[in-house]
Amino acid sequence: MLIRGATIIDGTGTDGYPGDVLVAGDRLAAVGPVGRLRPDVDRTIDAGGLVVAPGFVDAHSHADSAPFLDEADVSKISQGVTTEVIGNCGYSLAPCHPERRDELRDLVGRLFPPLPFDWHTTDEFTARTDAAGYTVNTAALVGHHTLRIAAMGLDARHPTGAELGAMRAGLADAVAAGAFGLSSGLIYPPGMFADVDELAALAGDLPPGRVYATHMRGEGLHLAESIDEAVAVAERAGCRLQVSHLKAMGRAAWGGVPDALERLDAAHARGVTVHHDVYPYDATSTMLTSCLPPWFQEGGNAGVLRRLHDPAALRRAADELERNDGSWDNWVGGAGWHNILIASTGNHEHEGLTLDAVARLRGRTPFEALVELLVENELVASMCVFALSDSDIEAAMTHPRAVIGSDGLPPGTGGKPHPRLYGTFTRVLGDYVRKKNLMTLPAAIAAMTSRPAAAFGMTDRGILAEGAVADLVLFDPDTVMDRATFVDPIQLSTGIELVLVNGTIGFEHGAATGVRAGRRLAP
């Protein structure tokens, strides 16, 4: 295939230039000025007025279960994404110890569609996903929650020496199976029960160049100390650091991102290889159980459901939500009931309504409505929370070590998922580049391509250069834009003309081809 006359933006951050791109098999055979390439090809695309760039790399995804969908997942490829990093926030789908299968299934079932968990090792899991196929390439992290559950369940305590050894063995198996690094999610159980010693011991076992990616312990009033904790883990372990979805959550914490960036800059100056990912929305999204205080989370699903029926526990939780003393990331205190939107529920009721609207509909207080939703759905519910400021988002996104990550929740759960699942990358191009002029097009593409590829140690991807893998996107810079909204989030973007994954057409003329041409990558 010859793509002729496009503006080539090669992913390095340098200015674009008119040129031609020749694809042969799964590689870029040549990239050069217009008219220099005159090969005998099967197909020529006249791309005047369009931009050709490397395929975008989603630095933060939760699409671990996407291969198991009956139809190919189009949420990312329709934005120009050709590679996504999965296994984030401490959640991976393997290893799965047979004696702890129910505990893992219950925890991840709050976010993921139903899965059989009929695998044990990471190798067994990847054999299943390899057989199912990938719409785009995947680079997997192994989750700390998953390792901890396999070793010691959901206990709220420090591991014994033997249990830490079991976690390290599970990590070693995952690394041998191709994991790019370790992820943690320190606001969720059971990761919230771990300390720096435990995290550093695990991250210290990573081979050179691998990544510790962390959903930090606090993203609100405790942002600064959480940054320091993340840096401490990376420095002690001697590994790369990826700060997940950098933000300042809750009005009282707004303006905290510049200080967080200064702390990361200081770590970078000391020799820590550190990046952070960010998405272009003022709402975050996670499981609805995150509205509850940390002590409420102990004991897994059974413990949470027991407390949801305990009047004393409910009175204590309601009081702590109301007082909002700043000791933990209180979503209700930071955003308000009116800014918590129900994204999905197990019974698909009340999706798209805020918690205060659900309360009015039911004749309950917002807290009572929260409790009822969690009980009725056996904790299977997610939310979007409008709790971020534009200035913090812009500071994080325009930083020279920023990479773009959707943080899109697993596809296939239905409901009204956060529109970032379908719109993150095209929103950056259409809104932050074209409309707001906050970033140049080459700078934005670098944050989506070469920079995340380098951050995670991916080779031969993220740039347009002779010999590189033929992951590329062809788009119209004047029309590219997201269409997904919080009201109607499952909408494809406009302006994406063609997407190649490993040299195969995966998206063209506004539709996915359904071909699963992606690969599971290894470092």
Side-chain angles (χ1 to χ4, degrees), residues 89 110 156 185-189 191-193 215-227 229 244-260 279 281-298 303-304 307-308 310-343 345 350 353-360 362 364-375 379 381-393 396 407 418 486:
C89 298
R110 300 182 194 179
L186 303 181
I187 73 162
Y188 305 115
M192 61 169 51
F193 309 132
H215 180 147
M216 297 181 296
R217 203 174 299 273
E219 297 180 319
L221 295 175
H222 298 277
L223 176 60
E225 59 209 72
S226 298
I227 289 281
E229 179 186 46
S244 297
H245 39 60
L246 180 63
K247 65 173 78 75
M249 196 284 294
R251 185 174 294 275
W254 286 1
V257 165
D259 174 70
Y279 50 79
Y281 297 89
D282 63 358
T284 184
S285 183
T286 188
M287 60 187 72
L288 190 61
T289 51
S290 295
C291 287
L292 300 169
W295 58 268
F296 214 106
Q297 312 285 348
E298 296 180 17
V304 174
R307 294 182 190 94
L308 288 171
D310 181 345
L314 293 176
R315 284 193 297 271
R316 177 185 171 189
D319 177 66
E320 291 183 6
L321 289 174
E322 180 69 25
R323 283 191 294 111
N324 191 28
D325 64 6
S327 63
W328 55 287
D329 276 356
N330 181 346
W331 296 89
V332 174
W337 298 106
H338 63 293
N339 280 321
I340 299 176
L341 186 75
I342 304 302
T345 58
H350 305 307
L353 296 179
T354 60
L355 272 175
D356 66 333
V358 175
R360 289 193 300 271
R362 291 185 168 216
R364 300 285 192 268
T365 68
F367 180 74
E368 289 170 340
L370 168 67
V371 171
E372 289 180 358
L373 287 178
L374 290 174
V375 170
L379 311 186
S382 64
M383 63 181 178
C384 299
V385 185
F386 295 86
L388 312 181
S389 75
D390 288 340
S391 61
D392 281 326
I393 297 168
D407 196 16
H418 193 302
F486 288 94

query: Hey, are the side chains of Val332 and Phe367 touching, using non-hydrogen atoms and a 4.5 Å cut-off?
result: no

message: Can you tell me which residue among Asp407, Leu186, Ile187, Thr286 is in a side-chain contact (heavy atoms from CB on, under 4.5 Å) with His215?
response: Ile187

field: Nearest-0.5 Å distance, CD1 of residue Ile340 to CG of residue Leu355
entry: 5.5 Å

query: Taking the side chain as C-beta and beyond, is there a heavy-atom pair between Phe386 and Thr354 under 4.5 Å?
result: no

- request: Would you please test Asp319 and Arg315 for salt bridge (charged side-chain N to carboxylate O under 4.0 Å, His left out) and show each step?
  value: CA-CA 6 Å; Asp319 177 66; Arg315 284 193 297 271; over 6 Å; no

Heavy-atom donor-acceptor pair, Asp392 side chain to Lys247 backbone, under 3.5 Å: no

statement: Heavy atoms of Leu288 and Met383 approach each other most closely as CD1-SD, 3.8 Å

- prompt: What are the two closest non-hydrogen atoms of Tyr188 and Ser290, and how far apart are they?
  reply: CE2-OG, 3.3 Å

- prompt: Is the backbone N or O of Glu368 less than 3.5 Å from a side-chain atom of Arg362, with the two atoms forming a donor-acceptor pair by type?
  reply: no

- prompt: In this structure, are over 12 heavy atoms from other groups packed under 6.0 Å from Glu322 atom CD?
  reply: no

- request: Assess whether side chain to side chain contact (heavy atoms under 4.5 Å, CB included) is satisfied between Asp310 and Phe296, documenting all intermediate values.
  value: CA-CA 11 Å; Asp310 181 345; Phe296 214 106; over 6 Å; no

field: Backbone of Ala369 reached by a side-chain donor or acceptor of Arg364 within 3.5 Å
entry: no

task: Mind checking the CG-OG spacing from Asp282 to Ser391? Nearest 0.5 Å is all I need.
output: 11.5 Å

statement: All heavy atoms of Gly256 vs all of Leu223, minimum pair found to be O-CD2, 3.7 Å

task: Would you give the length of the straight line joining atom CD of Glu298 to atom CZ of Phe193, rounded to the nearest 0.5 angstrom?
output: 5.0 Å

message: What's the separation between atom OG in Ser382 and atom CD1 in Ile342, rounded to the nearest 0.5 Å?
response: 8.0 Å

query: Heavy-atom distance under 4.5 Å between the side chains of Leu388 and Tyr279, does that happen here?
result: yes

Minimum heavy-atom distance Ser226-His222, with the two atoms named: OG-O, 2.8 Å

- request: Working to the nearest 0.5 Å, report the span between CD1 of Ile227 and CD of Glu219.
  value: 9.0 Å

message: The criterion is ring pair (Phe, Tyr, Trp, His ring centres under 6.0 Å); which residues satisfy it with Tyr281, sequence neighbours excluded?
response: His418

query: How would you list all residue pairs meeting salt bridge (charged side-chain N to carboxylate O under 4.0 Å, His left out) that involve residues 324-341, not counting sequence neighbours?
result: Arg323-Asp325

- prompt: Excluding sequence neighbours, so at least two apart, what forms side-chain contact (heavy atoms from CB on, under 4.5 Å) with Gln297?
  reply: Arg110, Pro189, Met192, Thr289, Leu292, Val304

field: Which atom of Trp254 lies closest to which atom of Ala248, heavy atoms considered
entry: CD1-O, 3.5 Å

query: Can you tell me how far CD of Glu372 sits from CG of Leu308, rounded to the nearest 0.5 angstrom?
result: 11.0 Å

- line: Heavy-atom nearest pair, Asp259 first then Ala224, reads OD2-CB, 3.7 Å

message: Within the 4.5 Å heavy-atom criterion, are Trp331 and Thr284 side-chain neighbours or not?
response: yes

